[in-house]
Number of protein chains: 2
Amino acid sequence: MRRLSSAPASGTAERPTAERGATAERILAAGEELFCQRGFGAVSVRDIAERAGVQKALVFYHYGNKDALFARVLEGYYRAHTEALSRAFAAEGTRRERFHRLIDAYLDFIAGHVRYAVLVQRAVAEPEAHPFIGENLAPLFEWIAGALREVVPSTGPLAAHHFFVTFSGLVINYFTYAPLLRAAGIEHVDRDPASPEALAERKAHVHWVVDVLLDRLEAG
Amino acid sequence: MRRLSSAPASGTAERPTAERGATAERILAAGEELFCQRGFGAVSVRDIAERAGVQKALVFYHYGNKDALFARVLEGYYRAHTEALSRAFAAEGTRRERFHRLIDAYLDFIAGHVRYAVLVQRAVAEPEAHPFIGENLAPLFEWIAGALREVVPSTGPLAAHHFFVTFSGLVINYFTYAPLLRAAGIEHVDRDPASPEALAERKAHVHWVVDVLLDRLEAG
DNA sequence: ACACCGGTTTACCGATCGGTCAATATCAAT
DNA sequence: ATTGATATTGACCGATCGGTAAACCGGTGT
C-alpha cells in the first residue's frame with residue numbers, strides 16, 4: 001500500500017536522533033499504515049509511536065489525540081481518492097468513455113489501497129460517520145448524476161442515485177467479496193483479486209455491465 | 001433489530017435471581033445486540049454481562065472467551081441468513097422470477113438486520129475472516145452460478161462469479177451508501193433507506209438491472 | 001548572560017481490558 | 001442426608017489502554 005501524505009521539503013539539516021523526515025509526518029505515516037492494517041480500535045498510540053520511531057507523548061503533542069490523528073489519516077486518503085477520480089472523469093469523450101475511465105480509476109485506486117477501502121467501509125458503517133466522508137462522496141455523485149441526467153428520470157427506481165449506488169457497488173463489492181470467494185475455493189482462478197490480470201478482468205466485466213445498462217437507458 | 005437466537009423451551013421453574021430465560025441464552029442475546037451496535041472491539045465482556053444481568057465470569061464459563069462468543073453470534077446470524085435466502089431461491093418459476101425472489105429476500109433480510117450487515121462487512125474485512133463466512137457464502141454462490149450456467153461462459157469477464165459479486169453488491173452497497181447520500185443531503189427523498197417505500201424502490205431498481213442484464217445474456 | 005520557545009523525553013496516572021480462581025449456591029440422583 | 005455435577009459469584013490478576021505533567025534540550029533573539 002502506498003502512502004499518501006505529501007512529503008515535506010526536508011531540505012533542512014538532519015536531526016541527530018531521528019532517521020529523517022519531520023516527526024509529525026512520520027507519525028502520520030505510521031498511523032496510516034497501522035490504521036489501515038488493523039483498523040482504528042486495534043491500533044494503540046504506542047504502536048504508532050513505535051512504528052514512527054518516536055516517543056508516544058509526541059503523538060499527542062502533534063495531533064491532540066488518537067481520534068484527531070485518525071481523522072487526519074482519513075482526510076489524506078479521501079483527498080487522494082477524490083483527486084484520482086476527478087482526473088479520470090474529465091469531460092472529454094463520450095458518456096461511456098467517461099464512465100469506463102471512472103471505473104478503471106476507481107478500481108485502480110482501491111486496488112492500490114485495499115486496506116484503505118476496508119478502513120473506509122468501517123468508518124462508513126459508524127453511526128456518527130465523519131462528515132467529510134459524505135462531503136467527499138458528493139462530487140463523485142454529482143459527476144455520475146450529471147452524466148446520466150439526460151437518460152434517467154429524476155425520481156423512482158431508475159433515478160440517478162440508484163445508479164450511483166449500483167455502479168459504486170460494482171467496484172467496491174469486488175474487493176470485499178472476491179477474497180471470500182477465493183478463500184471458499186470458489187473462484188478457481190488462483191490469483192490475487194488486486195493483481196493486474198484479475199483487475200483487468202473485473203474492469204471488463206464492469207464495462208460490460210455499464211454498457212448494457214446505458215444501452216437500455218439510451219434506447220429510452 | 002430482531003434477535004435470532006432460538007428461544008429455549010423455558011418451561012422449567014423460574015430462577016429467583018434472573019428474570020427469565022436460560023443464562024447462556026441471555027448472554028448470547030446481549031452479545032448479539034452489543035456486537036451489532038458497536039462492533040467487536042468496542043464491546044467489553046463486562047458490557048455483555050451487564051446487559052445480560054449476569055456476572056462477567058459466566059460469559060467465560062459458558063462460551064470460553066470473547067472471540068468464541070462472537071463466533072457464536074455470527075454463526076446464528078448466518079444460519080438465519082442462509083435459511084431466508086434458500087427459501088426464496090427455491091427452484092420454482094422462471095430464472096428471473098427466482099432472481100427477483102432472491103433479491104427481495106436479500107434486501108428484506110438485511111433491512112431487518114442492518115447492524116448485522118455492518119458487523120459482517122467488518123468481519124469480512126478482517127484478514128483472518130472466520131472460515132464459516134466463506135462457507136455460508138458458498139451455497140448462495142452455487143445457486144446463482146447454477147441459475148446462470150446456461151447463459152454465461154465459465155471464465156472471463158462474464159463468468160458466474162463476476163455476476164455473483166455484481167448482484168450481491170447491488171443489494172449490499174445500498175445499505176452502506178444510501179445513508180451516506182442522505183447525510184450528504186443528496187438523496188432528496190427524506191426517508192429511511194430501510195423503510196418499506198424506499199426498500200420497494202430499491203427492489204424495483206435491482207429487478208430492472210437484473211432483467212436488463214439477463215436479457216442481454218439470454219440473447220447470446 | 002538571559003529568556004523564550006517548539007520539540008522531545010521520562011515517568012506517571014486512573015481506567016479498563018480479557019481472563020482466572022477458589023469459594024459457593026443450586027438441584028437432581030442416590 | 002450425602003454426594004456430585006452444574007451454575008454462579010465476587011474478588012483478583014497482569015497487561016494495556018489513552019492521556020497528562022513536568023522536566024529537558026537546542027536554537028534564536030536580545
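Throughout, a chain's letter reflects where its sequence line sits, starting with A, and its residues are numbered from 1.
Residue B:T23 places its side chain closer to D:dT8 than to any other of D:dT8, C:dG18, D:dC17. Picking from D:dT9, C:dT10, D:dC13 the nucleotide with the shortest atom distance to the side chain of B:Q55 gives D:dT9. Comparing atom distances between the A:H62 side chain and each of D:dG18, C:dT8, D:dC12 picks out C:dT8 as nearest. When each of C:dG18, D:dT6, D:dG18 is scored by its nearest atom to the side-chain atoms of B:Y61, the top-ranked nucleotide is D:dT6. Side-chain proximity of B:R46 to D:dG18, C:dG18, D:dT9: nearest is C:dG18. Listed candidates were D:dT20, C:dG18, D:dG18. Nearest to the side chain of B:V45 is C:dG18.
Residue A:S44 has no polar side-chain atom (N or O) positioned under 4.0 Å from OP1 or OP2 of D:dT16.
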Give the intermediate values and the outcome of salt bridge (charged side-chain N to carboxylate O under 4.0 Å, His left out) for residues B:E83 and B:R87.
CA-CA 6 Å; B:E83 186 197 342; B:R87 235 182 296 118; 3.5 Å; yes
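Rounded to an integer number of Å, the gap from CD of B:E25 to C1' of D:dT8 is 17 Å. A:I48 places its CD1 atom 17 Å from the P atom of D:dT16, with the value rounded to the nearest Å. Regarding A:F60, its CZ atom lies at a distance of 16 Å from the P atom of C:dT8, rounded to whole Å. Between B:E50 atom CD and D:dT9 atom P the separation is 14 Å, expressed in whole Å. Rounded to whole angstrom, the span from the CD1 atom of A:I27 across to the C1' atom of C:dG7 amounts to 11 Å. To the nearest angstrom, C1' of C:dT8 lies 5 Å from CG of A:L58. The interatomic distance linking B:F70 (CZ) with C:dG18 (P) rounds to 13 Å, in whole Å. Computed from coordinates, the B:D47 CG to C:dT16 P distance equals 10 Å when rounded to whole Å.
Using modelled atom types and a 3.5 Å distance limit, the side chains of B:T23 and B:H62 yield no donor-acceptor pair.
Where B:A57 and B:K66 meet DNA chain C, the nucleotide closest to each residue was compared, and B:K66 sits on the side nearer the 5' end.
With A:F167 as the fixed residue, the ring pair (Phe, Tyr, Trp, His ring centres under 6.0 Å) test singles out one of A:F99, A:W143, A:F141, A:Y106: A:F99.
A salt bridge is absent between B:E50 and B:R46: the closest approach of a Lys/Arg side-chain nitrogen to an acidic carboxylate oxygen does not fall below 4.0 angstrom.
Residues B:F109 and B:H113 bring their aromatic ring centres within 6.0 Å.
Backbone-only engagement by B:V43 is indicated by non-hydrogen atom pairs under 4.0 Å involving sugar-phosphate atoms exclusively.
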